[in-house]
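Beneath this line is the structure, given in structure tokens, with notes to follow.
We name chains A, B, ... by the order of the sequence lines, and we start the count at 1 in each one.
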Protein chains: 2
Amino acid sequence: MPDADPPGWELPLLLFAGFRTLIDQLHAELAVRGHPDVRPVHGFAMQAVGIHGASASEIGRRLGVSKQAAGKTVDRLTAMGYVERVDDPRDARSKLIRLTPRGLESLRLSAEIFERLRAGWVEQLGADRVRLVESSLRTVIPAVGYPVDVPGWFG
Amino acid sequence: MPDADPPGWELPLLLFAGFRTLIDQLHAELAVRGHPDVRPVHGFAMQAVGIHGASASEIGRRLGVSKQAAGKTVDRLTAMGYVERVDDPRDARSKLIRLTPRGLESLRLSAEIFERLRAGWVEQLGADRVRLVESSLRTVIPAVGYPVDVPGWFG
DNA sequence: ACGGTTTGGACAACCACGTTGTCGATCCTA
DNA sequence: TAGGATCGACAACGTGGTTGTCCAAACCGT
């Protein structure tokens, strides 16, 4: 006879704890490697900027937030030196947001760290179980491309 | 030869998407059942209040935030009618925060909905895989009792 | 080519959630 | 009983959201 199932409310807590663990470890490592001031939301925003750059409105759409909110985040990333605003030669209304070399470096670093963190899970759980967790989650979430307006969503 | 592993950055995204899916479904159902104004952060806060009530400072410690932040959240929950402040008979400095019947009802409802949501995962994945996801996450997260200062943590 | 509609970005006002610092009142303890 | 710790309240602030307004530029149908 199997053990009783855990209560339903534990599942979201475990998922969040897993997410938070990874993000915290990422930023601890980023801090050591010269990026102590980036916050989780900045990483998502830079991901939305992308290698080719984007307008503030487009970034807002990718993040699932208003263009005004995206503009504010871009302001802060600009002040931190991770992105820059340049005039869009093809649209006089628009400013193109581009990652600076520092921004690109932080993205490259993040990808590398995430790879190592996943490898750590594989060490603890085995490759099969990690893949199983990933595929299970993929089948159970309705669609990819989730909005990442976490602070506003949660509170 | 097995398929290539997904990139490391996908794992946190999947965990977050799973968490968000559950929380969104919970609140959609709570809204239908008479609690349209509760936000995720309120649920966590009421959980911290607990059945026996607690002081604002204690709630802050349980949530991993300052007593001032906890006090503000209690203010909003009070205005919404989910908790009430009463004088603590054993400590004239302290106010005891207690769940109102409405607050208790929302907690009871949430537990019931989480149970059904987990059952939905079991339908899609099978009981074994859901248990495997849960146990995998338990082994990989450093400890239970995570702070839930999500908005401030993320941004 | 023109005129109406859509779009981009700036600005303002506002809200929610977090922080630190201060303060008086109360409690605990040496 | 004196001193230190803790409670709640208040203030000021930072950050991440929202809506609404505005102008200029782009787009599109006639």
So, is [X] near the phosphate of [N], with a side-chain N or O under 4.0 Å from OP1 or OP2?
X        : N       : result
Arg85(A) : dA10(C) : yes
Arg61(A) : dT7(C)  : no
Ser94(B) : dG8(D)  : yes

In whole angstrom, give the distance that lies between atom [atom1] of [X] and atom [atom2] of [N].
X         : N       : atom1 : atom2 : result
Leu96(B)  : dT6(D)  : CG    : C1'   : 16 Å
Asp91(A)  : dA25(D) : CG    : P     : 10 Å
Trp153(A) : dC15(C) : CH2   : C1'   : 19 Å
Ile59(A)  : dG8(C)  : CD1   : P     : 12 Å
Asp149(B) : dT20(C) : CG    : P     : 11 Å
Arg62(A)  : dG8(C)  : CZ    : P     : 12 Å
Asp88(A)  : dA24(D) : CG    : C1'   : 15 Å
Leu63(B)  : dG18(C) : CG    : P     : 8 Å

Q: Please tell me which of the listed nucleotides, dG16(D), dG18(C), dG9(C), lies nearest to the side chain of Pro151(B)?
A: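 Closest of the options to the side chain of Pro151(B): dG18(C).
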Q: Between dA10(C), dC17(C), dT18(D), spot the one nearest the side chain of Lys95(A), thanks.
A: dA10(C)
Q | Closest-nucleotide 5' rank along DNA chain D - winner of Arg90(A) and Ala56(B) | A |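 Nearest nucleotide further toward 5': that of Ala56(B).
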Side-chain ion pair, [X] and [Y], N-O less than 4.0 Å:
X         : Y         : value
Asp87(B)  : Arg93(B)  : no
Lys95(B)  : Asp88(B)  : no
Arg129(B) : Glu134(B) : no
Arg116(A) : Glu29(A)  : yes

Q | Contact list for DNA chain D against residues 66-84 of chain A - heavy-atom distance below 4.0 Å | A |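 Correct list: Ser66(A), Gln68(A), Ala69(A), Lys72(A), Thr73(A), Arg76(A).
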Q. Hey, which of these two, Ile97(A) or Arg93(B), hits DNA chain C nearer its 5' end, going by closest nucleotide?
A.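 Its nucleotide being nearer the 5' end, the pick is Ile97(A).
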Q: Answer yes or no: are there more than 12 heavy-atom neighbours, outside Arg98(A) itself, under 6.0 Å from its atom CZ?
A: no
Q. Is atom CD of Glu112(B) surrounded by more than 12 heavy atoms (other residues, nucleotides or ligands) closer than 6.0 Å?
A.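 Enclosed: over 12 neighbouring heavy atoms sit under 6.0 Å from CD of Glu112(B).
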(Q) I need the single residue from Val83(A), Val38(A), Val41(A) that forms a side chain to side chain contact (heavy atoms under 4.5 Å, CB included) with Leu77(A). Which is it? (A)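 Output: one option passes, namely Val83(A).
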Q.
Would you call the rings of Phe16(B) and Trp153(A) parallel, tilted or perpendicular, taking 30° and 60° as the class edges?
A.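 Perpendicular.
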Q. Parallel, tilted or perpendicular: which fits the ring planes of Phe154(B) and Phe44(A), with parallel below 30° and perpendicular above 60°?
A. tilted
**Q.** Same cluster (ILVMFWY, side-chain, under 4.5 Å), Leu26(B) and Trp121(B)
**A.**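 Linked, Leu26(B) and Trp121(B) end up in one cluster.
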(Q) Near DNA chain C, counting only heavy atoms under 4.0 Å, which residues of residues 38-48 of chain B show up? (A) Val41(B), His42(B)
